[in-house]
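Accompanying notes for the structure given below.
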Amino acid sequence: QVLLVESGGGLVQTGGTLRLSCTTSGRTFSGYAMGWFRQPPGKEREFVAAITWFGGSQYYAESAEGRCTISRDRAKNTVYLEMNNLKPEDTAVYYCSASSVDLRYADITTERGYDNWGQGIQVTASS
């Protein structure tokens, strides 16, 4: 199991920018991928973005394409999600996820691609 610690959430004005961070606390991450999901109020959790840990390949949900950038710093065992031009519909609890190498053939744009989850962090975009 990997302990994931998210930070960087909060209240931001519509049109603003926010960067979320997620660190694998206490250990070097050597899994396959890390990702971000979100759960808007009253809705199911949905995929936002993912990145393969060693190759750096990036994947985005259609709603995130062009406004979000996922990146990782392997030396810091940290994955980031930068979100630009935030909209009220981006308001959600954002979850960091990580997959072990056992899931390297799983679809990392779905929850089935991950076996570790953070506690979630609130992001609210409001005017």
Side-chain angles (χ1 to χ4, degrees):
Q1 287 292 317
V2 176
L3 178 62
L4 302 174
V5 180
E6 300 118 332
S7 61
L11 176 65
V12 62
Q13 283 194 328
T14 301
T17 297
L18 199 66
R19 189 176 79 158
L20 303 179
S21 301
C22 174
T23 300
T24 59
S25 180
R27 60 183 292 179
T28 298
F29 182 66
S30 57
Y32 177 63
M34 294 187 75
W36 290 96
F37 288 72
R38 68 184 183 186
Q39 187 167 17
K43 297 184 179 181
E44 297 291 315
R45 189 157 61 181
E46 60 187 22
F47 170 72
V48 179
I51 187 167
T52 57
W53 192 246
F54 291 101
S57 297
Q58 301 166 28
Y59 303 85
Y60 295 95
E62 189 174 329
S63 61
E65 193 78 56
R67 294 194 301 124
C68 297
T69 301
I70 189 169
S71 60
R72 89 277 194 239
D73 185 328
R74 290 169 52 190
K76 295 182 178 179
N77 296 297
T78 300
V79 65
Y80 304 97
L81 180 69
E82 181 168 306
M83 301 182 288
N84 301 305
N85 190 23
L86 281 159
K87 304 174 182 180
E89 51 264 42
D90 294 317
T91 294
V93 176
Y94 283 72
Y95 295 90
C96 176
S97 56
S99 68
S100 64
V101 292
D102 292 339
L103 292 178
R104 62 190 180 278
Y105 298 118
D107 184 349
I108 60 172
T109 67
T110 70
E111 293 189 33
R112 293 189 301 275
Y114 300 91
D115 46 7
N116 293 279
W117 293 88
Q119 291 297 308
I121 191 166
Q122 179 70 45
V123 171
T124 302
S126 174
S127 56

Within a reach of under 6.0 Å around CD of E62, are more than 12 heavy atoms found that belong to other residues, nucleotides or ligands?
-> no
Common cluster, I51/L18, ILVMFWY with side-chain heavy-atom separation under 4.5 Å = yes
Cluster question for you: counting only ILVMFWY and a side-chain heavy-atom cut-off of under 4.5 Å, with indirect links fine, are L11 and L20 together?
-> no
Are the side chain of S57 and the backbone N or O of T52 linked by a donor-acceptor pair below 3.5 Å?
-> no
Would you give the length of the straight line joining atom CG of L86 to atom CD of Q13, rounded to the nearest 0.5 angstrom?
-> 11.0 Å
Does R112 CZ have over 12 foreign heavy atoms under 6.0 Å away?
-> no
For the student: nearest non-hydrogen atoms of T91 and P41, plus distance | O-CD, 3.5 Å
How many angstroms lie between atom CG of D115 and atom CG of D102, to the nearest 0.5 angstrom?
-> 7.5 Å
Ignoring hydrogens and angles, tell me if any N or O in the side chain of T78 forms a donor-acceptor pair with the backbone of K76 under 3.5 Å.
-> yes
For the pair T69 (side chain) and E82 (backbone), establish whether a donor and an acceptor sit closer than 3.5 Å, ignoring hydrogens and angles.
-> no
Do M83 and V79 belong to the same hydrophobic cluster, where Ile, Leu, Val, Met, Phe, Trp and Tyr are linked whenever their side-chain heavy atoms lie under 4.5 Å apart, directly or via other members?
-> yes
Say you draw a straight line from CD of E46 to CD of Q39; how long is it, rounded to the nearest 0.5 Å?
-> 9.0 Å
Can you check whether N85's main-chain N or O pairs, donor with acceptor, with R67's side chain at less than 3.5 Å?
-> yes
Y80 six-ring face occupied by R19 cation (under 6.0 Å, within 45°) = yes
Search all heavy atoms of V2 against all heavy atoms of N116 and return the closest pair with its distance.
-> N-OD1, 2.8 Å
hydrophobic_cluster_shared for F29 and I70, side chain cutoff 4.5 Å = yes
What pair of heavy atoms forms the shortest contact from C96 to M34, and how long is it?
-> SG-CE, 3.8 Å
How close do Q122 and A92 get, heavy atom to heavy atom, and via which atoms?
-> NE2-O, 3.5 Å
Atom pair CD1/OG of I121 and S21 - distance to nearest 0.5 Å = 8.5 Å
From E89 atom CD to R38 atom CZ, the distance as rounded to the nearest 0.5 Å | 8.0 Å
Flag for T23-N77: side-chain donor and acceptor within less than 3.5 Å = no
Do any N or O atoms from the side chain of R72 and from the backbone of F54 form a donor-acceptor pair under 3.5 angstrom?
-> yes
side-chain contact (heavy atoms from CB on, under 4.5 Å) assessment of L3 paired with Q1 | CA-CA 7 Å; L3 178 62; Q1 287 292 317; over 6 Å; no
Approximate separation, where rounding is to 0.5 Å, of C22 SG and Y95 OH | 13.0 Å
Which heavy-atom pair separates T17 from V12 by the least distance, and what is that distance?
-> O-CG2, 3.9 Å
Strictly by modelled atom types, are Q58 and Y60 linked by a side-chain donor-acceptor pair under 3.5 Å?
-> yes
Flag the pair Y59 / F47 as yes when their ring centroid distance falls below 6.0 Å, and as no otherwise.
-> no
Would I108 end up clustered with F37 when hydrophobic side chains under 4.5 Å apart are linked, directly or stepwise?
-> yes
So L81 and C68, side-chain contact (heavy atoms from CB on, under 4.5 Å) or not? Walk me through it.
-> CA-CA 7 Å; L81 180 69; C68 297; 4.1 Å; yes
Considering all heavy atoms, the nearest V5-S25 contact | CG2-CB, 3.8 Å
